[in-house]
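To keep things clear, I will list the structure first and then write my remarks on it.
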Amino acid sequence: MSAWRGRGRGLVQGGEERSFKEASKAIQENLKKHLENQEEGLFSDSDDGSDEGDGTEDLLSRLLEGYGGRGPQNELVSDAKELLKNAIRSSVCLICISSVKRADPIWSCDTCYTSFHINCIQRWAKDSIFQQKQQLEDDPQRVEKEKTVCWSCPKCRNSRPPSTIPQHYTCYCTKTRDPPLDPWQTPHSCGELCSRPLSGCAHKCLLLCHPGPCPPCPQTVSTSCHCGQARPTVRRCSAASWACGGQCGQALGCGAHPCADVCHPGDCQPCSRTSVQSCECQKTRQPRPCSSPVFKCGTPCGSLLSCGYHSCDLICHPGTCPPCPLSLDRLCPCGKSTTRLPCTEATPTCGDTCGKVLACTSHNCSERCHRGNCPSCLQMATKECRCGAKVKEVQCARTFTCETKCKKTRDCQRHPCNKKCCPGSCPPCEQLCGKTLSCKNHKCLSRCHRGACYPCQATVQLSCNCGITRQVVPCGREKQAKPPRCRKPCSMASNCHHPVRDRHNCHPPPCPSCKQVCGQDLPCGLGHVCP
């Protein structure tokens, strides 16, 4: 009996060991399969799955299910959900029309949250600025208009200055430069807290570094209504502003009437009542809104000043006129001496050295006290040119530039700078690219750039032999493309003794061999016909 019991325990232990081994093997196989899929997905397109099966809708619904509300709150949640969905599913670069892979450096627009290859967006921005400057070459106001040149996002067209062209690949929250690719994290994410400031409050985003906009603030605060008459209630920070539905009752700007509008955000509307008011100089009376009783009639005062020679030039002012400004203490042109003279006499010069700082900001004016601007600095100074190649003694007021041409290559890495006395910040290349496009028929008209040129945008029209059926193909493919199929009858003349050939469709020349019965008389002379 004991032997059967021992044998039974052995069977149980053997079954447990086998089930454990089978479970471990299954787990290892699943893990291996998952790692292989992740490894294959590092450089695969991010849009392999369909939108229906990627779980994006369920993920966003679970994320935003707690943000209930009506009116502006519901609209805010809907806009955030739509932008997040577009940012998660944006897997095609709208510039090069190719997929954005998980390991590709990208740039994400902070307005529409669309992702682009960083090389594509850099070329896009530089080409946009180059084309705008090229259009201003013959404009007389080119210098002023070039200050307003900007580039825009290819999707939302939000304008940006040239200084905002992205230079580095960063994560979505812009805290980490060149974020490493981790198969357990969202691509292009650093995996840390987002911590971007949320709109409308002082809190920060608590999600991990993510694409798209930050969702509305989920924290709760105790807040009162707009007018402050209702008791404070606990609400979400993103929907902290609410109306109680009662009358506002706050005092208007006139100080005499209360606001009769329903509880509302912001300042109350100006008082709509009117009353007869006097201007500041008390010369004009007219009906005015109760909210702005103080106004100027727009006429100069014209009263005689205390000096007895000049009149007041101020526009409609209250109280007495100020004293004549020429009868007060006046400074000489250099500002070193003070005199008080009758308002009818001009201010004299003091005879001392002027001493004002000249335009060179290094020396002072050595002329006697004088009226008007100081002359240019005539002293000699040893100056270094902008590029630092030469040193020369020149007038202090002049800017010294040498004739040495810069030999550095521009951003295109093809053409030298050649700018005289370049300070080191070589301007972008302004020449045309001029490379032959892949079509072998046209040249690239973009600004000189690195990398491959954009595809040719021209098209060629192919036609069948009769010219009725036509087909448009990209430029460069007309030699390899076949003529379009035409269903019209062949219009070529017969190449045999039959006046009319059997009906057949239009085709490239020559016509195929005739398969009709010959029908001509044989040379036997017996009236036999060729079969």
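Side-chain N or O atoms of W242 include one that pairs as donor or acceptor with a backbone N or O of S224 at under 3.5 Å. Between the side chain of E403 and the backbone N or O of K420, no donor-acceptor pair lies under 3.5 Å. Using modelled atom types, no side-chain atom of W107 and backbone atom of H117 make a donor-acceptor pair closer than 3.5 Å. Between the side chain of Q229 and the main chain of C248, a donor-acceptor pair closer than 3.5 Å is present. Panel note: side chain Q131, backbone I129; no donor-acceptor pair is recorded below 3.5 Å. With Q132 contributing its side chain and C150 its backbone, the two residues share a donor-acceptor pair below 3.5 Å. At least one donor-acceptor pair closer than 3.5 Å links the side chain of W124 to the backbone N or O of S152. Looking only at distances, a side-chain donor or acceptor of S238 sits under 3.5 Å from a matching main-chain atom of C217. Between the H363 side chain and the V357 main chain, no donor and acceptor come within less than 3.5 Å of each other. Without hydrogens or angle criteria, S195 side chain to K204 main chain gives no donor-acceptor distance under 3.5 Å.
Between Q185 atom CD and C190 atom SG the span is 7.5 Å, to the nearest 0.5 Å. Note that the OG atom of S311 and the CG atom of L305 stand 6.5 Å from one another [nearest 0.5 Å]. How far NZ of K443 is from CG of L432: 11.5 Å, rounded to the nearest 0.5 Å. To the nearest 0.5 angstrom, R386 atom CZ is 8.0 Å from T399 atom OG1. Note that OG1 of T170 and CZ of R177 are 9.5 Å apart. Values are rounded to the nearest 0.5 Å. For the atom pair C312 SG and H317 NE2, the distance stands at 3.5 Å (nearest 0.5 Å).
In this structure, R196 fails the cation-pi test against Y172, since its NZ or CZ atom is not both closer than 6.0 Å to the six-membered ring centre and inside 45 degrees of the ring normal.
Nearest approach of C365 to T353, heavy atoms of both residues: O-CG2, 3.7 Å. In terms of heavy atoms, H449 sits closest to C433 at NE2-SG, 3.7 Å. Shortest non-hydrogen contact noted between C422 and C387 is O-CB, 3.0 Å. The shortest non-hydrogen separation linking C369 to C332 is SG-SG, 4.0 Å. Residues L252 and C268 approach most closely at CD2-CB, 3.7 Å, considering heavy atoms. Between C209 and S189, the shortest heavy-atom distance links the atoms O-OG, 2.7 Å.
Open room surrounds CZ on R231; 12 or fewer heavy atoms of other groups in view lie less than 6.0 Å from it. More than 12 heavy atoms of other shown residues, nucleotides or ligands fall within 6.0 angstrom of atom CZ in R142. Atom CG of D267 has 12 or fewer heavy atoms from other residues, nucleotides or ligands within 6.0 Å. In the displayed structure, D313 atom CG is contacted under 6.0 Å by at most 12 heavy atoms of other residues, nucleotides or ligands. Atom CZ of R414 has more than 12 heavy atoms from other residues, nucleotides or ligands within 6.0 Å. Other residues, nucleotides and ligands contribute more than 12 heavy atoms inside 6.0 Å of the CD atom of E137. Counting non-hydrogen atoms of neighbouring residues, nucleotides and ligands closer than 6.0 angstrom, the NZ atom of K435 exceeds 12 such neighbours. Counted within 6.0 Å of CD on E146, heavy atoms from surrounding residues, nucleotides or ligands total more than 12; the atom is thus considered enclosed.
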- Message: Checking Y169 against D104 for the side chain to side chain contact (heavy atoms under 4.5 Å, CB included) test, could you report, in this order, the C-alpha distance in whole Å, the side-chain angles of both residues, the deciding distance, and whether it holds?
- Response: CA-CA 9 Å; Y169 166 45; D104 290 344; over 6 Å; no
- Message: Before you tell me yes or no, could you show the steps for H264 and V262 under side chain to side chain contact (heavy atoms under 4.5 Å, CB included), namely the whole-Å CA-CA distance, both residues' side-chain angles and the distance that decides it to 0.1 Å?
- Response: CA-CA 6 Å; H264 59 87; V262 178; over 6 Å; no
- Message: Run the side chain to side chain contact (heavy atoms under 4.5 Å, CB included) test on Y309 and C343 for me, step by step, so that the C-alpha distance in whole Å, both residues' side-chain angles and the decisive distance to 0.1 Å come before the verdict.
- Response: CA-CA 8 Å; Y309 295 100; C343 61; 4.0 Å; yes
- Message: Between D127 and Y454, is the side chain to side chain contact (heavy atoms under 4.5 Å, CB included) condition met? List the steps.
- Response: CA-CA 11 Å; D127 284 349; Y454 290 133; 3.5 Å; yes
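In this structure the side chain of C259 never reaches within 4.5 angstrom of the side chain of Q269, judged on heavy atoms. Under the 4.5 Å side-chain criterion, counting only non-hydrogen atoms from C-beta, F130 is in contact with E430. Considering only heavy atoms from C-beta on, R160 comes within 4.5 Å of D110 through its side chain. Contact check for Q379 versus S362: no side-chain heavy atoms found under the 4.5 Å cut-off. Using a 4.5 Å heavy-atom cutoff, the side chains of C173 and E192 are not in contact. R236 has its side chain within reach of P218: a pair of non-hydrogen atoms, C-beta onward, lies under 4.5 Å apart. Inter-residue side-chain proximity for I121 and P166 is flagged as met; some heavy-atom pair is nearer than 4.5 Å. Looking at heavy atoms from C-beta onward, L341 lies out of side-chain contact with T347 at the 4.5 angstrom threshold.
The closest side-chain donor-acceptor pair between H370 and T349, if any, does not fall under 3.5 angstrom.
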Extract all donor-acceptor atom pairs below 3.5 Å that involve side chains of residues 404-411 and protein atoms in other chains or at least two apart in sequence.
unit_1 : atom_1 : unit_2 : atom_2 : d
R410   : NH1    : P428   : O      : 3.3
R410   : NH2    : C417   : O      : 2.8
D411   : OD1    : C429   : N      : 3.2
D411   : OD2    : R447   : NH1    : 3.2

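The salt bridge (charged side-chain N to carboxylate O under 4.0 Å, His left out) analysis of residues 321-338, with sequence neighbours excluded, yields the pairs D329-R340, K336-D352.
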